[in-house]
Amino acid sequence: MRIYVPRDSAAKALGADDVARAIAEEAARRGQTIEIVRNGTRGMIWLEPLVEVEDGGIRRGFGAVEPGDAAGILDGSSAKALGPVEDLDWMKRQTRLTFARCGVIDPLSLADYGAHGGLTGLRRALAMSGQQIVDEVKTSGLRGRGGAGFPTGIKWQTVHDAAAPQKYIVCNADEGDSGTFADRMIMEGDPFTLIEGMAIAGIGTGATKGYVYIRSEYPDAIEVMQQAVRIAREAGLLGADVLGSGRAFDMEIRVGAGAYVCGEETSLLNSLEGKRGIVRAKPPLPALEGLFGRPTVVNNVLSLATVPVIFEKGAAHYAGFGLGRSRGTMPIQIAGNVKHGGLFETAFGMPLGELISDIAGGTASGRPVKAVQVGGPLGAYMPVSKFDTPFGYEEFDGQGGLIGHAGVVVFDDTADMLKMARFAMEFCAVESCGKCTPCRIGAVRGVETIDRIGRGDASALPILTDLCETMKDGSLCALGGFTPFPVMSALTHFPDDFACQKEAAE
Amino acid sequence: MPQPQSEPISDRISVLISEKLGLEGPLLPILHAIQEEFGHVPQGALPLIADALNISKAEVHGVVSFYHDYREVPAGRHVVKICRAEACQAVGGAALAEATLAKLGVEWHGTTKNGAVTVEPVYCLGLCACAPAAMVDGKVVGRVDAAKMTKLLEEAGA
Ligand SMILES: Cc1cc2nc3c(=O)[nH]c(=O)nc-3n(C[C@H](O)[C@H](O)[C@H](O)COP(=O)(O)O)c2cc1C
Ligand code: SF4
Ligand code: FES
Ligand code: FES
């Protein structure tokens, strides 16, 4: 009997290690032979630890499991039975392309990986020219999943065309946005996908060296990625002769040091070089003068991890999903005050309200939704009146929001939006790299100004608005430049939260 | 000010440095290795690193002070990181953090009097769908409530 118990850190945070131990002990006590596979998560975090028992090729789920459920799972009598996992509504309604294998396979088994379509894309790419590889990515319509949504193929073209003795592929695994965990999930649950994507990027652009910069807050992901790279190297997937093609590509895992701004690509490059993570002015573009001054592709984990399926199934297949200029699928991460939180990969276009009310089942507290922050700490707070906005880059932009890395954080009606606006400013002050005055000083002033408003000083309201304008116009990067979005959206859509203190004082 | 290092410690630091010297951009990996072994980056390490990398001591200090992770003094025996970010706030994270700090009688970054626990803020642990989240010495904990926190702190000897 084969039993799956996730090793994903969300599952571990909810007791998966204890559950795995309890199942092993119970089986030993009964003299029953079982094989425990520590898979990634399926993404249904409210059901974690989600244990699966494979029987006749069908995987039946049990969740959320506690150690005391071990006996019931082994003899099939557990009241936590969910039936076949693939038949669950949450799974059936998704289009899993990037995350097809996550939660299904043993993350560190290359044999499992290959049996589920892994390396098909790289093998196809190895038979193509660099230009053909870049063209395939362009045709797929893939846009950067790190936040800015820049077309990946165009970035690769610039690096492909640049002549240099050394080029680099840098994977941005700094995933600092609150409400996001897709990078972590795929690194822990299907690390070879990222490695394969980076290898294709390297072969396509002529880069022979890659780095994955993982935030230090992700110790489990770091461990899995380090092991995966070692396994890939031993198997000849990385190294001087990638899969016997005669082409070279190798990579290293690097660990961040707790700075949100190091997710900004030029700050990240400085950090990799061993410098302070100060943002660099552009131009020059990293694609031309990036790591150590060499042409460098900087891509988010999800952008790179989506490349293998594009090459496996063809660019047209991928581009066939989506809405407008947002092609393919997006792994949406639903978090905060929701009944069913987790990762839901779907074609672009699903309205925000459907994601929250239908997919996530509304709030965990059962209270009405008040606001939804989409796209991390630099994203706007959307009121319920904007729930018909379809999930797409241009569609959110048109509503004064952004999809960013596709984190959706739900707040119920107990949320105090003045506090959330204050937090946005405070976060900017704590994490500013210090290069621009409007960001470094402005954010500190922003906290003070919001505190004045909180004390009932209405004259501080126009000061806050002006300050936000100054930050928008005078900041080099989106930390200072976009912090006004959560602040101003909170103020605009929830004015009552900025006025009640005043009324109380009067 | 550089503290005079006892010979074995500076020897050990030199070994840690030399192990990473072959890397491209070795400074962060060196600092991580030193902090992992000593729990902080001792002042005495700075001139050794500066020497090995052929950069100024001020430059090394600039890097150490830029990143939230690097400590210039040792932490308590256990480090409890509590997520302060938005998704955790949406399910009571701020109240949990405040209550924890009050209970321990410390501010953020503070260490309990008995030296058992240092409390650090963290901005997202990627556990936003099982918030509020915390991490104790690198071990993740989800859906932390007052009872779970009390247990964690007891285990850490706070
Ligand atoms: C303050 C700030 C933080 C960022 N954090 C991240 C991050 O954690 N991960 C990421 O992939 N991109 C982040 N970005 C975006 C990167 O600068 C860059 O656009 C991205 O890595 C490019 O990859 P992509 O085209 O695949 O999205 C951040 C940008 C800013 C301004
Ligand atoms: S906006 Fe802030 S974080 Fe961005 S470059 Fe300027 S000071 Fe640095
Ligand atoms: S959602 Fe941004 S101002 Fe309305
Ligand atoms: S916001 Fe707390 S874990 Fe992500």
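Bear in mind that the values here come from a model prediction, so they are computed numbers and not experimental data. Here is the naming used below: chain letters follow the sequence lines, and residue numbers restart at 1 for every chain.
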Enquirer: If you tally heavy-atom pairs under 4.5 Å against chain B, which of Ala415(A), Gly376(A), Ala335(A), Ala257(A) wins?
Expert: Ala257(A)

Enquirer: Can you give me the closest heavy-atom contact between Cys128(B) and Gly179(A), atom names plus distance?
Expert: SG-N, 3.3 Å

Enquirer: Among Gly407(A), Gly341(A), Pro219(A), Ala371(A), which has the most heavy-atom pairs under 4.5 Å with chain B?
Expert: Pro219(A)

Enquirer: For Gly25(B), does its backbone N or O pair with a side-chain atom of Arg254(A) as donor and acceptor, under 3.5 Å?
Expert: yes

Enquirer: Is the distance between the ring centroids of Tyr123(B) and Phe427(A) under 6.0 Å?
Expert: yes

Enquirer: A side-chain contact here means heavy atoms from C-beta on lying under 4.5 Å apart; do Glu24(B) and Lys209(A) qualify?
Expert: yes

Enquirer: Locate the shortest heavy-atom distance separating Gly274(A) from Val63(B); write the atom from each residue and the value.
Expert: O-CG2, 3.6 Å

Enquirer: Measure Ala259(A) against the heavy atoms of chain B and call it side chain, backbone, both or neither at under 4.5 Å.
Expert: both

Enquirer: Against chain A, label Ile55(B) side chain, backbone, both or neither, depending on which of its atoms sit under 4.5 Å from a heavy atom there.
Expert: neither

Enquirer: A side-chain contact here means heavy atoms from C-beta on lying under 4.5 Å apart; do Gln89(B) and Val409(A) qualify?
Expert: no

Enquirer: How many angstroms lie between SG in Cys262(A) and CG in Leu28(B), if you round to the nearest 0.5 Å?
Expert: 8.0 Å

Enquirer: Can you list the steps and then say if Leu127(B) with Arg184(A) is a side chain to side chain contact (heavy atoms under 4.5 Å, CB included)?
Expert: CA-CA 10 Å; Leu127(B) 303 172; Arg184(A) 178 185 66 60; 4.3 Å; yes

Enquirer: Do Ser271(A) and Phe66(B) come within less than 4.5 Å of each other through their side chains, counting heavy atoms only?
Expert: no

Enquirer: How far does CH2 of Trp46(A) sit from CZ of Arg143(B), to the nearest 0.5 angstrom?
Expert: 11.0 Å

Enquirer: Surrounding NZ of Lys419(A) (heavy atoms of other residues, nucleotides or ligands, distance under 6.0 Å), is the total greater than 12?
Expert: no

Enquirer: Grab the two heavy atoms, one from His68(B) and one from Gly258(A), that are nearest each other, plus how far apart they are.
Expert: CD2-O, 2.6 Å

Enquirer: If you count heavy atoms of other groups shown closer than 6.0 angstrom to CD of Glu107(B), is the number above 12?
Expert: no

Enquirer: Heavy atoms only: give me the nearest Val255(A)-His32(B) pair and the separation to one decimal.
Expert: O-NE2, 3.1 Å

Enquirer: Are the side chain of Ser178(A) and the backbone N or O of Ala87(B) linked by a donor-acceptor pair below 3.5 Å?
Expert: yes

Enquirer: Under the 3.5 angstrom rule, does the side chain of Tyr67(B) hit a backbone N or O of Gly277(A) as a donor-acceptor pair?
Expert: yes

Enquirer: Between Val91(B) and chain A, which part of the residue has a heavy atom less than 4.5 Å away: side chain, backbone, both or neither?
Expert: side chain

Enquirer: With chain B, which of Ser365(A), Gly342(A), Ala360(A), Ala10(A) has the greatest number of heavy-atom pairs at distances under 4.5 Å?
Expert: Ala10(A)

Enquirer: Please examine the side chains of Lys12(A) and Lys139(B), heavy atoms only from C-beta on, and report whether any two atoms are closer than 4.5 Å.
Expert: no

